[in-house]
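All remarks here apply to the structure that follows.
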Amino acid sequence: MNKNFDPSEIETKWYKFWEESGFFEAKPESNKDTFCIMIPPPNVTGTLHMGHGFQNALIDTLIRFKRMNGYDALWQVGTDHAGIATQMVVERQLESEGITKEDLGREEFIKRVWDWKESSGNTITKQIRRLGSSVDWSREAFTMSPDMSQAVLEVFIKLYKEDLIYQGERLVNWDVELQTTLSDLEVDNTEENGSLWHLKYQITNESKYLIVATTRPETMLGDTAVAVNPEDDRYKKYIGKSITLPITNRQVPIIADEYVDEEFGTGCVKITPAHDFNDFEIGKRHGLEIINILNKDGTLNEEVPKSFIGLDRSSARKKVLSELEKLNLLEKTEPYKVTIPRGDRSGSILEPFLTKQWFMDVNEISKKAIDVVKSEESTFHPKNYENTYFAWMKEIRDWCISRQLWWGHQIPAWYDKDGKVYVGSSEEEIRKENNLDEQVKLKRDEDVLDTWFSSALWTFSTLGWPKSRKLLDRYHPTDVLVTGYDIISLWVSRMLMMTTHFINEVPFRKIFVHGLINDSSGQKMSKSKGNIIDPLDIIDGIDLKSLIEKRISGLMQPKMEEKIKNQTIKEFPEGIKPYGTDALRLTFCSLASGSREVRFDFKRVEGYRNFCNKLWNASRFIQMQLDNFENFERTKPSGILDDWINARMDIAIEKTNNALSDYRFDLATQSIYEFIWYELCDWYIEFCKINLNSQSLEASEKNLLLNSMIEILEKTLRLSHPFMPFITEEIWQNFKDLHQSKNESVAISSFPQKKEKYGSKNADDIEWVKQFISGVRNIKGEMKISPSKTITSIIQSANEEDKRKVKKHKELLFELLKIKELNFIDEKNAPPSAIFTLGGMKILIPLEGLIEPDKEITRIDKLINKLQTELNSITSKLNNDNFIENAPQELVNQQRDRSNYLSNEINNLEIQHKEINKLI
RNA sequence: AGACACGUAGCUCAGUAGGUUUAGAGUACUACCUUGACAUGGUAGGGGUCGGCGGUUCGAGUCCGCCCGUGUCUACCA
């Protein structure tokens, strides 16, 4: 074994071994209990980000844990076709070739997307492998695969027949860049600096003006009313009259509507029903004309004066403002914070736009989805996330499911020449069903479905629905969904609706909601901010130059380049070192405490890398001992140290089990960290060293001890495998000849179980030895006695049990503390010493030639002070009658004991103080 | 504006049905140690009036209220 653990040498090797051996494949034929998790499908053409890394670490830990605990574990893997994102990428590729998708035509274009999917689709799946995720690759799914498309088709048709899918003409969120609608959830509302312009609208045939305030002056070309509050005394008299709209010179009515707030602005509102959601509603109430002034690409259409036609939105705004200025109709301009709706993919400003779209009526099916959470068939963890869920579900509006894209599930609807719509699985089917002969021309709806429509079917469509129920019956409902809170409404709620509706089961029994990973300053990681980190760069490392390159390539705003560069240099002056997958996974697990936001700290990764190295070297030590031992024989281990370390191991097992059942990955990680470092390495191995070097120990006893070391190591590897799969596999395989497991891999070995009590007396003995050693070390440390300096020690007031322990473990104490002489004496004859008590026993280190008295005085005073503070607080409690009366008896007793102990201890120290003071 | 979180050592975080730790861990810091598993190490140590104020209680980092600060989500007044 190498001196230092090098993850890069082993990771891909073991993953390949696992995958080729089929260890991660579900076993539907087995009679084991099942445990199933669905991967939240990542974008097929996307790349891994920290969120994926975090989530994969958590899911994989759970899955491996369950698999090792004897479950038939299925981690269903797959990807999402990500309609908009993928289409955007391919369109951009075409753009660089100088062609548009229209040049290619729909069929060719889709071919190109498939090509791109094939060529880049492996990126994400390769990355998932690098994380060590034990997914079942034999069942890899894709939302656009034939099977899943079949499921989508079936669902759409059924919902249509149930009248839950319908077409409607409404204002929708329109992305002028991508030229498609978006659902409400795909809108990012950002607060930006804008202006509030006050426009003067002349009242027709009067010299008076109404002043309206607007943040979007260009829409005035589509105004069809001015509204005031019916109770507003200032304007009551104008209601029913009209104003003459500047520029277009259209006459528009002055109407009264409660919606208008007298207090805000001037109390007059321009109404543009075609381009504002609120105005649209007002328009409906008042039967106003709806004038759409925009083309699909955001330019002005023929509804506006000639000189405006064809202008884009921002030019139109400038021109409107300058015209108004010329006409002296621009009252004033003031700076104003406006909330701008932007497409979450394109980033372009969205327009409310009147079009005919397909909608899903979610009123009924949302009720069922609420009920299953209320009745706890499906539960959120942490529970308070159900508030987010309920809040969203109660306010839920019909879901706009059509998208004006080419990449996606094309809507199975056909139109005849009169526009009559037929919905069915194919044109042929529809003709048959409706007795339409070849004469009747049918044209298919060009739109595709929202990607989330197919993702909503994920839990059951990946398990073979509608073709077969075999897997569905076995693995559904899935056990837990592991996801971020940001997609509770986007995805979780829709799965709950679709699944309860179609399968009449919840999609998952538990919804474990984890936090989101931010950068070290608490900022959300995003491409545009230039603070993204690729998890693989933490695993493999990356130099500064490449990191900067990665962060600034393909940036939407080139302006940011310099800033991102500097910020990256500042944060990673030497790039990122390679830490390996196990260290990264441990870091992720240790951050999963249940908090909402998680700041990613490289210092933690470094700490866990060191931890991996620690485990590596512990194994290396064991290996070396075996190499140096003649005639090693494999037997069942026994002995004091073996009893003790197994007892400590049991505590770690229990803590880990409890923590994982509560999704406290941080506590689980901590228990393993503490066991390996603070018990196994700091004590067990140190004790073993002494025993193995001991002259007084028989070879057969050493042989037993070596067996203990092998078995405890093997058990430790199984305990920590779910958290750090690669290093544990590497060591486990290295030791295979020694531990002689029947299994091929630690990945399919069983998770260690808590045993019946190990020789508890032995375990207690070792804990006592640890305390003895720590106590003396404290004195040596504080007195600045060099660790290598030998000391003499005196023991007073030892009872028979103490004497037995000292005698029995003399060698451990002597070696670890460099004690050269140890005597039992009675109270009277003690020389001036530093003192430490263990139970009733006093351990004395004579000052003579070792310790300067004044230093010891300082140490004693510090201790007295500390103990006195505590004693004071306990005394005041015990003097309080209310405390005695109300507190549990057990606690009162405890505090009394503590109080006695403290007084006694303080008393001893004070005597010491006096004794030593004599020397000064 | 509303809802929901969060504010504990320089930094990143635990503190799990109010009283067992004398508020903990990692990291950073200080001193000593280059002793053959590991300097990606060892031993010892310093560092927090648990955001502020008030309340409930015998007892509050832990429960309640208000305030200050931070963040996220939702809804927006043109």
Side-chain angles (χ1 to χ4, degrees), chain A residues 1 3-5 189 196 212-216 219 227 259-261 263-272 276-279 336 338-339 382 384-385 387-388 391-392 395 485-486 488-489 516 518 520 522 524 577 579 583 587 590-591 593-604 606-625 658-659 662 664 666-667 670 673-674 681-682 685-686 689 774 777-788 818 866-867 869-871 873-874 877 880-888 890-892 894-895 898 902:
Chain A
M1 288 174 84
K3 191 174 164 190
N4 286 322
F5 171 55
N189 288 305
L196 190 61
V212 297
T214 179
T215 55
R216 302 196 52 197
T219 62
Y259 160 78
V260 180
D261 179 357
E263 307 292 318
F264 187 86
T266 58
C268 297
V269 187
K270 62 190 273 306
I271 303 297
T272 326
D276 183 281
F277 289 102
N278 288 314
D279 292 6
Y336 195 70
V338 275
T339 310
N384 58 319
Y385 281 107
N387 295 335
T388 313
W392 157 252
E395 301 269 313
Y485 64 81
D486 51 334
I488 289 176
S489 30
L516 265 32
N518 294 331
S520 59
K524 213 174 190 169
K577 283 186 219 146
Y579 294 101
T587 308
S590 74
L591 292 171
S593 64
S595 64
R596 264 171 91 92
E597 311 289 335
V598 176
R599 291 187 187 206
F600 192 82
D601 182 3
F602 274 83
K603 287 287 173 198
R604 305 270 317 237
E606 200 173 323
Y608 286 111
R609 182 207 52 186
N610 296 352
F611 173 64
C612 288
N613 193 52
K614 190 77 183 173
L615 174 61
W616 179 259
N617 273 289
S619 319
R620 189 164 152 253
F621 171 77
I622 294 172
Q623 181 113 72
M624 290 165 87
Q625 297 309 310
N658 290 343
D662 204 24
R664 286 299 303 268
D666 61 327
L667 297 181
Q670 198 184 357
Y673 185 99
E674 287 176 350
C681 294
D682 285 354
I685 284 183
E686 293 307 319
K689 273 183 195 169
S774 297
R777 272 180 181 167
N778 172 279
I779 293 173
K780 286 184 86 172
E782 291 232 36
M783 292 305 110
K784 310 267 186 268
I785 298 170
S786 157
S788 55
K818 297 272 184 282
K866 212 170 173 185
L867 298 179
T869 312
E870 193 189 350
L871 181 61
S873 109
I874 290 180
K877 268 188 210 173
N880 184 338
D881 292 341
N882 283 322
F883 175 74
I884 305 292
E885 273 168 40
N886 295 315
E890 199 185 338
L891 180 76
V892 177
Q894 234 168 51
Q895 297 285 306
R898 182 80 185 158
L902 289 170

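Protein chains get the first letters and strands the later ones, always in sequence-line order, with residue 1 at the start of each.
Closest approach of C681(A) to K614(A), counting heavy atoms only: CB-CE, 3.6 Å.
The CG atom of N189(A) sits 14 Å away from the C1' atom of rU72(B) (whole-angstrom rounding). Rounded to an integer number of Å, the gap from CD1 of I488(A) to C1' of rC4(B) is 11 Å. In this structure, the CZ atom of R664(A) is 11 Å from the P atom of rA17(B), given to the nearest Å.
T869(A) comes within 4.0 angstrom of no nucleic acid atom, judged by non-hydrogen atoms across all strands. Contact annotation for S595(A): backbone-only contact, meaning every heavy-atom pair under 4.0 Å involves sugar-phosphate atoms and none involves a base. Residue Y608(A) is out of contact with every strand shown, counting any heavy-atom pair closer than 4.0 Å. Counting non-hydrogen atoms under 4.0 angstrom, E686(A) reaches a base of the nucleic acid. Contact annotation for D261(A): base contact, defined as any heavy-atom pair under 4.0 Å involving a base atom.
Donor-acceptor pairing under 3.5 Å, judged by distance alone, is absent between the side chain of E606(A) and the base of rU40(B). The base of rA44(B) is not paired with the side chain of K780(A) by any donor and acceptor separated by under 3.5 Å. Taking only distance into account, the side chain of K3(A) never meets the base of rC38(B) through a donor-acceptor pair shorter than 3.5 Å.
Between K524(A) and E597(A) there is no salt bridge, since no side-chain nitrogen of the basic residue lies less than 4.0 Å from a carboxylate oxygen of the acidic one.
Both tests pass for K689(A) against the ring of F621(A): distance under 6.0 Å to the centre and angle within 45° of the axis.
An OP1 or OP2 oxygen of rG71(B) is reached within less than 4.0 angstrom by no side-chain nitrogen or oxygen of R599(A).
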Discussion item. In dot-bracket form, 5' to 3', how is RNA chain B paired? Count Watson-Crick and G-U wobble pairs only if both distances fall under 3.5 Å, and write | where the partner sits on another strand.
Written reply: (((((((..((((.....[....)))).(((((.......))))).....(((((..]....))))))))))))....
